[in-house]
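What follows is one structure encoded as structure tokens, with my remarks underneath.
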Amino acid sequence: MEKFLDLISREAEKAFEGAGYDRELGKVTVSNRPDLCEYQCNGAMAGAKKYRKAPIMIAQDVAAKLQDSEVFSSAEAVKPGFLNLKLREEFLSGYLREMSKAEKFGLSMPEKPASIILDYGGPNVAKPLHVGHLRSAVIGEAVKRIARYHGENVTGDIHMGDWGLQMGLVITEISKRQPDLCYFDPSYKGEYPEDAPFTVTELEEIYPTASKRSKEDAAYYAEAMANTHKLQEGDRGLRALWQKIIEVSVQDMKKNYEALDVDFDLWWGESTVHDVIPGMVSKMKEDGFAYESNGALVVDVAEPTDTKEIPPCIILKSDGAALYTTTDLATISERERLFHPDQLIYITDKRQELHFQQVFRTARKCGLIPEGTQLRHVGFGTMNGKDGKPFKTRDGGVMKLSDLISDINDQMRIKIASNPEIGPEEAERTAKQVALAALKYGDLSNQASKDYIFDIERFTSFEGDTGPYILYTIVRIKSILAKYSAAGEGRAPEGCVIGSAQSGPEKDLMSDLAGFSAMMDSAYKEIAPHRICAYIYQLSNDFNSFYHSTKILTEEDTKKKESWIALLGLTLDVLTTCIGVLGFTAPERM
Ligand code: ARG
């Protein structure tokens with residue numbers, strides 16, 4: 001289906017043309033003065049120069065052409081040259097009836113879906129997930145679902161950090177604690193044990209201990225470096241131990257991501273591309289792009305138009321070790337080899353911007369991907385505490401993601417359990433569901449690049465711009481629909497059809513619904529989940545105004561009542577779809 005604004009713009013364009021002006025001038029937008037009109041067109045202002053005419057005269061000519069319009073019930077030229085427009089109720093309801101029947105509410109699908117690899121999550125093996133990883137997971141999951149809804153082919157890849165110094169540190173610490181393990185015995189030729197020599201809880205404690213020791217003890221640090229190197233070079237025992245670290249850690253990660261309703265198609269790590277590195281590096285050298293500088297191997301990536309200095313991209317350190325950039329480059333080349341993606345999108349903290357600038361430039365310069373492949377980095381801001389500083393635990397430590405999730409679950413359980421109709425089991429389930437909405441909406445409703453304040457009281461409130469408020473609205477609609485239909489299924493029955501709006505609030509709700517496709521399209525193109533949040537917040541507000549101004553179930557005029565029920569059905573479907581692409585769901589009651 002054509003987007004609503006495009007459709008009504010065509011009517012204005014026809015009028016401009018009919019009055020002897022350029023068609024292009026007829027672009028209609030949502031009014032920024034809703035007190036005066038619903039939609040507006042500023043084309044007369046833009047055309048004044050070309051036609052050497054006062055804009056108001058042009059606007060008047062066009063308004064005259066729109067007098068018998070089937071789209072606009074009123075078109076008024078106002079000084080200095082705006083066109084104020086109001087829609088015909090029948091036209092709007094006709095569009096909504098089409099929308100209700102159409103697949104995805106009439107959102108146009110791409111002729112050829114883009115193939116996209118989305119790199120998000122990015123947890124580090126053996127380190128507990130912390131809140132910094134929360135944003136990547138939450139935003140990435142939404143971006144994936146938005147792109148899929150938009151009809152694109154998306155492969156989500158977690159890109160675990162499983163190959164760097166942290167692995168050497170963990171291995172070193174284990175070797176100190178359990179030096180007799182067969183993994184450390186070079187003469188050991190047998191099979192390695194099935195069971196890991198540590199639990200996940202131990203693992204979570206091992207890394208911080210090792211990291212701390214390495215900072216205080218140079219010999220310890222050197223040993224960790226050596227172990228990292230040995231691991232990367234393929235030492236049999238260390239590889240086997242490393243495998244166990246990954247197994248235990250990934251199992252735990254999966255639990256965390258499941259709690260967030262986040263999932264990945266690929267569980268690649270930095271290590272996945274280890275064998276790709278030597279070939280990639282020699283080609284970079286052969287082609288004359290990579291050269292030695294102070295012992296390290298680098299590629300120049302500065303461009304004459306740079307306004308700040310972009311240092312060369314280091315490919316290998318002086319000891320020949322691979323870096324974060326190296327594995328990212330090798331991953332790009334492997335993704336190209338296996339998937340030929342049209343786009344690669346990375347969701348990370350915005351402080352990694354320089355890293356991605358260097359990596360992208362190197363990848364292009366060295367021809368790791370074809371020219372047409374888009375490389376995009378979506379950098380997000382920091383999640384801060386109420387003090388405006390990066391979010392910490394009460395005693396100032398790094399907050400584990402699992403603790404944060406249980407905090408918000410606890411808070412929500414108290415609220416939900418206060419509803420006497422809900423038993424303990426349902427309360428538990430519902431609390432988790434609403435808490436997830438609170439957490440995700442609290443994050444996604446901000447433009448990703450901005451920092452935001454994690455405010456558990458605000459996020460869990462049932463009022464205001466929050467996830468629970470959206471869910472509350474959905475639950476309200478479900479309950480009305482359930483009361484209406486004897487079947488009590490919380491859906492609008494087939495026979496109900498949307499008719500023309502009877503009131504201002506109803507018309508506002510209807511125009512919101514008509515804007516769905518345009519909103520979804522821009523959320524996809526701009527990689528902007530916050531647009532969906534803003535949309536459903538407005539939609540919920542307008543729904544609630546309509547609800548408070550209308551006695552729906554006691555209406556005696558069956559036609560009117562059925563029309564409202566159908567309108568509720570569409571509102572419910574649109575809201576449910578939107579929260580689905582944002583990555584959460586609504587309960588039956590709360
Ligand atoms: N593991 C990294 C971190 O914790 C994030 C990885 C992001 N993805 C990438 N391809 N570099 O910061």
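Order of listing sets the numbers, starting from 1, for every ligand and every atom in it.
Using a 4.0 Å cutoff on heavy atoms, E270 does not count as a contact of ligand 1. No heavy atom of Y120 sits closer than 4.0 Å to any atom of ligand 1. Residue contacts with ligand 1: Q352 is included, with a non-hydrogen atom under 4.0 Å away.
Here W268 has no heavy atoms under 4.0 Å from ligand 1, in either its backbone or its side chain. Contacts between H133 and ligand 1, counted as non-hydrogen atom pairs separated by less than 4.0 Å, involve the side chain only. Contact annotation for D349 and ligand 1: no heavy atom of the residue comes within less than 4.0 Å of the ligand.
The T348 neighbourhood of ligand 1 comprises atoms 7 (C), with distances under 4.0 Å to a heavy atom of that residue. Near F356, the atoms of ligand 1 lying under 4.0 angstrom from a non-hydrogen atom of the residue are 9 (C), 11 (N).
At least one N or O atom of N124, backbone or side chain, sits closer than 3.5 Å to an N or O atom of ligand 1. Considering both main-chain and side-chain atoms, G122 comes within under 3.5 Å of ligand 1 through a nitrogen or oxygen pair. Ligand 1 has no nitrogen or oxygen under 3.5 angstrom from a nitrogen or oxygen of H355. In terms of polar-atom proximity, Y346 is not counted as a contact of ligand 1, lacking any N or O under 3.5 Å from an N or O of the ligand.
Ring to ring, F462 and Y469 are not that close: their centroids are 6.0 angstrom or more apart. The aromatic ring centroids of F459 and Y441 lie 6.0 Å or more from each other. Under the 6.0 Å cut-off for aromatic ring centres, F356 and Y346 qualify, their centroids lying closer than that.
For T172 against G168, the heavy-atom pair with the smallest separation is OG1-O, 2.6 Å. G140 and L118 get closest at one heavy-atom pair: O-CD2, 3.3 Å.
Residue, atom and distance of the protein heavy atom nearest to atom 8 (N) of ligand 1 are D119 OD1, 3.0 Å. Residue, atom and distance of the protein heavy atom nearest to atom 7 (C) of ligand 1 are Y324 OH, 3.4 Å.
D119 pairs with exactly one of R376, R335, K144 by the salt bridge (charged side-chain N to carboxylate O under 4.0 Å, His left out) rule, that one being R335.
Below 30°, between 30° and 60°, or above 60°: for F264 and Y257 the angle between ring planes is above 60°, a perpendicular geometry.
Side-chain atoms of S461 never come within 3.5 Å of backbone atoms of R458 as a donor-acceptor pair (strictly under, hydrogens ignored).
In this structure, K104 forms a cation-pi arrangement with Y149, its terminal cationic atom sitting closer than 6.0 Å to the ring centre and no more than 45° off the ring axis.
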